[in-house]
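All ligand and atom numbering here is 1-based and tracks the order in the structure. Worth saying up front: this structure is predicted, and the values here are computed from it rather than measured.
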Amino acid sequence: MKRLAILGSTGSIGVQALDVVDRAPGRFQVVGLSARRNAARLAEQVRRFRPRLVSVADDAAARELRGLLDGAAPEILTGDGGAVAVASQAEADFVLAAISGGAGLRSTAAAVEAGKAVGLANKESLVLAGELIMARAAERGVSILPVDSEHSAIFQSLAGHNRKEVRRLILTASGGPLRTVPAERLGAVTPAEALKHPNWSMGDKITIDSATLMNKGLEVIEARWLFDVDPARIEVLVHPESIVHSMVEYIDGQVVAQLGISDMRGPISYALGHPDRVGLGLDPLDLARVGKLTFEPPDPVRFPAYTLAWRALELGGTAPAALSGADEAAVEAFLQGRCRFDRIARVCAEVLEAHRVEPLVSIEQAVAASEWGKREAARRARED
Ligand SMILES: NC(=O)c1ccc[n+]([C@@H]2O[C@H](COP(=O)([O-])OP(=O)(O)OC[C@H]3O[C@@H](n4cnc5c(N)ncnc54)[C@H](OP(=O)(O)O)[C@@H]3O)[C@@H](O)[C@H]2O)c1
């Protein structure tokens with residue numbers, strides 16, 4: 001029985017992870033759950049999975065949760081410290097880091113520090129502080145198992161191969177909901193349109209990031225640290241069918257790919273079960289029905305956010321953290337109708353330009369750079 005702490009349990013990844021737990025009786029025990037304010041959903045999860053420890057953002061959410069649980073409540077902690085405590089609790093063997101945004105970094109770092117195996121959905125942990133997290137994980141002998149479908153595909157395509165023989169990592173991208181929208185229409189795109197992802201059902205932030213292609217840029221940064229690979233060896237291919245989840249090319253020109261249906265329970269279960277696979281009873285991949293698989297290069301002119309992530313990676317240090325924070329605030333402004341779609345990338349570019357890059361030496365510095373990026377972007381989005 002693997003004992004799991006699930007951070008971000010009420011979100012898209014968290015809910016699907018608990019579904020994996022349900023589909024694999026006897027394989028996993030849930031010992032900790034963490035959410036922000038969705039007390040109603042968290043209460044249902046607590047009743048079903050009986051964790052010992054849970055955390056929520058603040059006292060109001062804790063009161064609401066207690067009220068919903070009448071009686072048999074687990075220990076309820078609050079704030080950033082609460083998620084950190086759930087991540088580092090002695091009872092957990094495995095931490096699924098599925099909080100959205102830079103808010104997930106401290107708890108991911110705490111899980112590594114506590115020597116837990118980590119299933120990493122929160123890509124921002126590696127965008128903000130990949131170098132530090134991976135170095136510390138190596139020192140502590142901790143495995144970081146990717147949950148992002150592309151990184152899971154690469155991880156699976158690397159298994160059994162010699163990493164020194166890798167020529168390129170090829171990340172695929174669906175192209176998002178606006179792939180075919182003409183450039184001149186991008187300014188008028190509404191949140192409802194941008195939230196309509198053709199293949200994946202995900203949280204709002206990552207769905208908008210898929211629409212701007214910022215998500216793919218952030219994934220490039222994630223891959224750079226997760227697989228310790230020179231960015232020059234990372235490529236991106238738009239693949240609208242989202243069947244080939246990513247590929248690895250070796251020095252002899254052979255390419256190993258991982259394919260599957262667009263269902264996050266695949267990569268989630270691979271991380272949770274590793275090194276074993278988990279039978280899920282999902283629909284099989286029917287390639288005859290898919291018919292054809294197509295690929296095209298990303299369009300950096302229509303989707304400049306993608307290029308910004310590469311630029312931040314090149315600048316290094318605190319630059320990716322500042323960009324990630326800026327993106328969070330700009331996406332929030334867009335979702336609240338305060339910023340046009342095509343302004344998201346422009347605001348992020350302005351913030352990255354204004355950022356004074358420092359070499360990255362601590363998690364707190366990465367958090368501070370991300371918070372600075374958020375404030376700058378929120379201000380600039382308001383000025384729009
Ligand atoms: N969804 C996907 O298919 C997918 C695929 C690949 C990677 N990812 C990555 O996985 C992560 C989670 O994505 P998601 O789509 O599952 O997000 P989501 O649906 O928005 O859920 C986010 C979760 O994090 C919690 N949360 C948000 N802010 C928090 C804070 N400040 N402190 C504590 N908890 C907080 C939320 O709690 P409340 O519900 O209480 O607000 C919720 O449980 C992201 O980093 C994303 O990039 C997601």
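- Heavy-atom contacts of Asn38 reach the following atoms of ligand 1: 39 (O), 40 (O) (cutoff under 4.0 Å).
- Checking Glu328, Met264, His151 against atom 5 (C) of ligand 1, the nearest heavy atom belongs to Met264.
- Among Ser12, Gly79, Ser152, the residue whose heavy atom sits closest to atom 14 (P) of ligand 1 is Ser12.
- No side-chain donor from either of Glu353 and His355 sits under 3.5 Å from a side-chain acceptor of the other.
- Side-chain contact check for Gln254 and Glu249: no donor-acceptor pair (N or O, by modelled atom type) lies under 3.5 Å.
- Distance alone, capped at 3.5 Å, places no donor-acceptor pair between the His245 side chain and the Thr172 backbone.
- The closest protein non-hydrogen atom to atom 21 (O) of ligand 1 is Gly11 CA, 3.1 Å.
- Scanning all protein heavy atoms for the shortest distance to atom 11 (C) of ligand 1 gives Ile99 O, 3.5 Å.
- Of the protein's non-hydrogen atoms, Thr10 OG1, 3.3 Å is the one closest to atom 38 (P) of ligand 1.
- Ser125 and Asn122 form a side-chain donor-acceptor contact under 3.5 Å, judged by distance and modelled atom types alone.
- Considering backbone and side-chain atoms alike, Asp204 places every N or O at 3.5 Å or more from each N or O of ligand 1.
- Counting the atoms of ligand 1 from 1 in the order shown, those under 4.0 Å from a heavy atom of Ser9 are 43 (O).
- Nearest protein neighbour of atom 9 (C) of ligand 1, counting heavy atoms only, is Ala121 O, 3.1 Å.
- Of the N and O atoms on the side chains of Glu222 and His151, at least one donor lies less than 3.5 Å from an acceptor on the other residue.
- Within the 3.5 Å criterion, the main-chain N or O of Arg233 finds no donor-acceptor partner in the side chain of Asp230.
- Close N/O approach between Ile13 and ligand 1 is found [any backbone or side-chain N/O within under 3.5 Å].
- Atom OG of residue Ser269 and atom CG of residue Leu280 lie 4.0 Å apart, to the nearest 0.5 angstrom.
- Looking at Ser34 next to ligand 1, no N or O pair under 3.5 Å apart turns up.
- Looking at Asp59 and Arg63, no side-chain N of the basic residue comes within less than 4.0 Å of a carboxylate O on the acidic one, giving no salt bridge.
- Heavy-atom contacts of Arg37 reach the following atoms of ligand 1: 38 (P), 40 (O) (cutoff under 4.0 Å).
- At a 3.5 angstrom cut-off on N or O pairs, Asn215 does not count as close to ligand 1.
- The closest protein non-hydrogen atom to atom 17 (O) of ligand 1 is Ser100 CB, 3.8 Å.
- One option in Gln45, Glu219, Arg36 has a heavy atom closer to atom 29 (C) of ligand 1 than any other, and that option is Arg36.
- Not a single donor-acceptor pair under 3.5 Å links the side chain of Lys205 to the backbone N or O of Val331.
- Interface atoms of ligand 1 facing Ala98, defined by a heavy-atom separation under 4.0 Å, are 12 (C), 23 (C), 24 (O).
- Arg3 and Glu91 are not joined by a salt bridge, as no carboxylate oxygen comes within less than 4.0 angstrom of a charged side-chain nitrogen.
- Atom 45 (O) of ligand 1 has its nearest heavy-atom neighbour, among Arg106, Glu222, Glu124, Glu150, in Glu124.
- Protein heavy atom closest to atom 31 (N) of ligand 1, with residue, atom name and distance, is Ala103 CB, 3.3 Å.
- In this structure, the protein non-hydrogen atom closest to atom 47 (O) of ligand 1 is Lys123 CE, 3.1 Å.
- A donor-acceptor pair is defined here as one N or O able to donate and one able to accept, closer than 3.5 Å; such a pair exists between the side chain of Gln89 and the backbone of Val86.
- Counting atoms of ligand 1 from 1 in the listed order, those under 4.0 Å from a heavy atom of Gly8 are 23 (C), 24 (O), 43 (O).
- When atom types are taken as modelled, the side chain of Glu131 and the backbone of Leu360 share no donor-acceptor pair closer than 3.5 angstrom.
- Atom 7 (C) of ligand 1 has Asp148 OD1, 3.1 Å as its closest protein atom, hydrogens excluded (heavy atom only).
- Contacts between Ile206 and ligand 1 below 4.0 angstrom, taking non-hydrogen atoms only, involve the side chain exclusively.
- Remark: the Ser262 side chain and the Asn199 side chain contain no N/O donor-acceptor pair separated by less than 3.5 Å.
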